[in-house]
Participant: 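Pasting in a structure now, in structure tokens, and then I'll have a few things to ask.
In listed order, ligands and their atoms are each counted from 1.
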Amino acid sequence: MKKNLVQSLAIIAATLMFSITGCKPKNAGNATEGDAASKVYVPPGKYDEFYNLVSGGFSGQVSVYGIPSGRLFRVIPVFSRDPESGWGYTEETKPMLNTSRGDVPWDDQHHLELSQTNGEVDGRWLFANGNNTPRIARIDLKTFRTAEIIEIPNSSGNHSSPFITENTEYVVAGTRFSVPMDNQPQDVPIDTYKKNFKGTVSFLSVDPKSGNMKIAFQLLLPGVSFDLSHAGKGPSNGWFFFSCYNSEQAHTLLEVNASQRDKDFIMAVNWKKAEEYVKQGKGQVQNVSYAHNVYNDSTHTATSTIETKTLVLDAKNFPDIVYLIPCPKSPHGCDVDPTGAYIVGSGKLAALIPVFSFEKMQKAIAVKNFDGNYAGLPVLKYDAVLHGEVKKPGLGPLHTEFDGRGNAYTTMFISSEIVKWRLSDLKVLDRHATYYSPGHLMIPGGDSRKPFGKYLIAYKKITKDRYLPTGPELCQAAQLFDISGDKMKLLSDYPSIGEPHYAQALPADMISKNSVKIFDIQKNQHPYVALGEKNSKVVRTGNRVDVYMTMIRSHFSPDNIEGIKVGDEVYFHLTNLEQDWDVPHGFAVRDAPTSELLVMPGETQTLKWVPDQVQIASFYCTDFCSALHQEMQGYIRVSPKGSNVPISFSLGNNSDAPGEAALDDSIKTD
Ligand code: CUA
């Protein structure tokens with residue numbers, strides 16, 4: 001046993017050595033082909049062809065790039081606080097980061113999925129998973145803002161998420177860590193894993209109009225690790241496929257102990273069937289606790305609601321919902337081709353890529369061509385479901401996307417390449433080095449029924465010598481390929497934010513034509529809005545002070561405030577009166593232990609400040625809004641606790657003799 005362990009570790013060490021040192025291609029320094037520069041050059045004033053929405057990994061955010069230029073447009077705050085926008089710092093956005101366990105102002109954002117209609121991307125919403133604290137966010141692509149975040153109960157490490165069905169009926173969440181269910185004792189020995197730890201996959205329904213998510217049902221499953229997933233489409237619509245590893249049910253040293261079995265599984269879930277059972281009132285309602293946070297564009301305010309119920313179907317009690325397909329060597333990527341006929345499983349340690357046939361799976365299920373069961377779930381015979389294997393594709397297959405012309409493209413982590421192969425005969429057609437060790441790859445629309453098949457981008461954590469050194473950590477990067485011809489052509493490299501995992505992309509006009517330019521101030525329903533300067537005011541209620549302040553180029557109203565006392569809870573409610581595109585104003589007050597806030601035209605946002613010393617505190621606009629942006633500033637007089645200075649506020653009331661003292665001083669200096 002011990003010898004086995006040592007041998008396994010030696011093999012893993014050798015593999016890692018190879019992956020780190022053994023694969024630098026000869027021409028890595030000068031590897032673009034032909035007229036690459038002109039293909040990525042977007043002249044000044046011209047727009048990119050595609051929006052590329054990229055996961056930010058451990059930054060917790062989502063970034064927006066243009067393709068083919070690789071220019072970074074925006075970082076959308078999602079799960080992490082963001083001082084640039086005030087996300088998670090303002091009173092309005094704090095509820096978005098609330099969970100059943102309180103404020104969790106960070107997450108690890110891995111996968112993205114665009115909403116779809118009939119299996120084609122439709123440009124309405126972008127879903128994003130939180131991998132650490134199990135959550136799913138929905139980003140509204142009209143505003144490029146996070147509109148909703150929902151927490152997932154009975155889960156830990158929400159990795160196989162947020163993939164969707166072909167009309168965005170459901171977005172799924174599969175747990176990476178099996179754990180005791182939320183309504184079971186949590187204080188149990190870890191070595192009772194096999195008895196006490198369970199896996200789940202959750203189906204969240206999406207309201208077709210508002211996009212709002214709701215946990216429709218959860219499937220209770222054996223204690224394995226769910227990794228990735230994709231929905232069936234076309235003929236396989238109604239099914240969902242999840243890769244899983246650790247069918248060994250190990251709870252320690254997984255790199256060895258979860259690599260014992262020759263095959264783990266791709267789990268096929270008949271979600272239409274599960275939906276029927278739910279409609280029939282089957283399943284068990286469990287008492288749980290999870291946060292559901294929604295941002296409202298009329299009140300410009302988020303609310304966080306703690307939900308208390310979930311509906312759980314124990315998969316082993318419903319024999320026609322879940323089937324397991326054996327899949328070699330700890331499968332990672334689980335990708336369904338555009339026709340919906342094939343499911344590709346990528347075993348991280350496998351030397352081949354198995355491609356499964358949906359049609360064969362249906363036949364095998366019909367005649368019960370099973371190879372026993374796993375924890376009460378039927379296991380289909382590998383050969384009965386297999387369409388075929390891609391032989392010798394490379395080392396370390398991870399993820400596959402499709403070009404819509406019958407070809408698949410798979411990243412090879414260990415051999416640092418992208419391999420193009422044909423779905424019909426599983427022949428390898430082309431391979432191209434990447435620098436280095438690609439994780440995910442993405443073709444615009446490449447996991448939908450209608451890929452746009454012109455570009456491919458590989459995302460990489462390891463760039464080694466590709467960029468100027470920046471201390472101990474080097475940048476992470478994307479590499480853009482032209483896949484319009486028979487051979488892949490490398491066009492460009494560019495650094496990316498955070499650690500990129502999965503990404504999505506779509507033609508630019510699908511979003512740009514709907515993009516919100518301002519918020520209509522007449523429709524501003526914020527309870528502390530000041531509609532016009534004449535409504536700006538300062539109101540004391542006990543030790544709470546509400547400042548209804550407006551912003552317009554280039555002043556605040558009011559900009560002189562007196563009567564604030566040490567220990568007061570001061571709420572600055574800033575309304576931006578502008579109704580022009582791209583004229584935000586910022587607000588920062590000295591010593592506030594929070595970020596600035598950035599207020600869009602027509603919007604109201606609130607900064608809370610508790611002054612802790614007697615002072616004249618300054619505040620100013622942080623966003624360069626006009627030629628007189630630097631003049632956009634003001635003062636607050638903070639008096640001692642118990643002082644009787646009354647509240648007063650003003651704008652433009654220069655009661656000192658204008659400028660005289662200052663002028664005198666300056667004359668005297670020479
Ligand atoms: Cu307003 Cu700078």
Participant: I'd like the atom name of the N/O/S atom in His629 lying closest to atom 2 (Cu) of ligand 1.
Facilitator: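 The nearest such atom is ND1.
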Participant: Could you check which N/O/S atom of His585 is closest to atom 1 (Cu) of ligand 1?
Facilitator: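 The His585 atom nearest to atom 1 (Cu) of ligand 1, restricting to N, O or S, is ND1.
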Participant: Describe, in one word, how the ring planes of Phe50 and Tyr455 are oriented to each other, choosing from parallel (under 30°), tilted (30 to 60°) and perpendicular (over 60°).
Facilitator: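 Judged by the thresholds at 30° and 60°, the geometry between Phe50 and Tyr455 is perpendicular.
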Participant: Working to 10°, measure the angle at atom 1 (Cu) of ligand 1 formed by atom SG of Cys621 and atom SD of Met632.
Facilitator: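 For SG of Cys621 and SD of Met632, the angle centred on atom 1 (Cu) of ligand 1 reads 110°.
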Participant: Would you please indicate if the ring centroids of His300 and His526 are separated by under 6.0 Å?
Facilitator: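 No, the ring centres sit 6.0 Å or more apart.
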Participant: Return yes if a side-chain donor-acceptor contact under 3.5 Å exists between Ser161 and Asn129, otherwise no.
Facilitator: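 Their side chains do not contain a donor-acceptor pair, so the 3.5 Å distance test is not met.
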Participant: In Asp623, which N, O or S atom comes closest to atom 2 (Cu) of ligand 1?
Facilitator: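 Answer by atom name: O.
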Participant: Check the surroundings of atom NZ in Lys142: do more than 12 heavy atoms from other residues, nucleotides or ligands lie under 6.0 Å from it?
Facilitator: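 No, because the 6.0 Å sphere around NZ of Lys142 holds 12 heavy atoms or fewer from other groups.
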Participant: Could you check, using the six-membered ring where one of them is a Trp, whether Tyr435 and Tyr467 have ring centers closer than 6.0 angstrom?
Facilitator: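 No, too far apart.
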Participant: Can you tell me if, anywhere in Ser554, an N/O/S atom lies at a distance from atom 1 (Cu) of ligand 1 that is smaller than 2.8 Å?
Facilitator: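 No, Ser554 does not qualify, because none of its backbone or side-chain N, O or S atoms lies under 2.8 Å.
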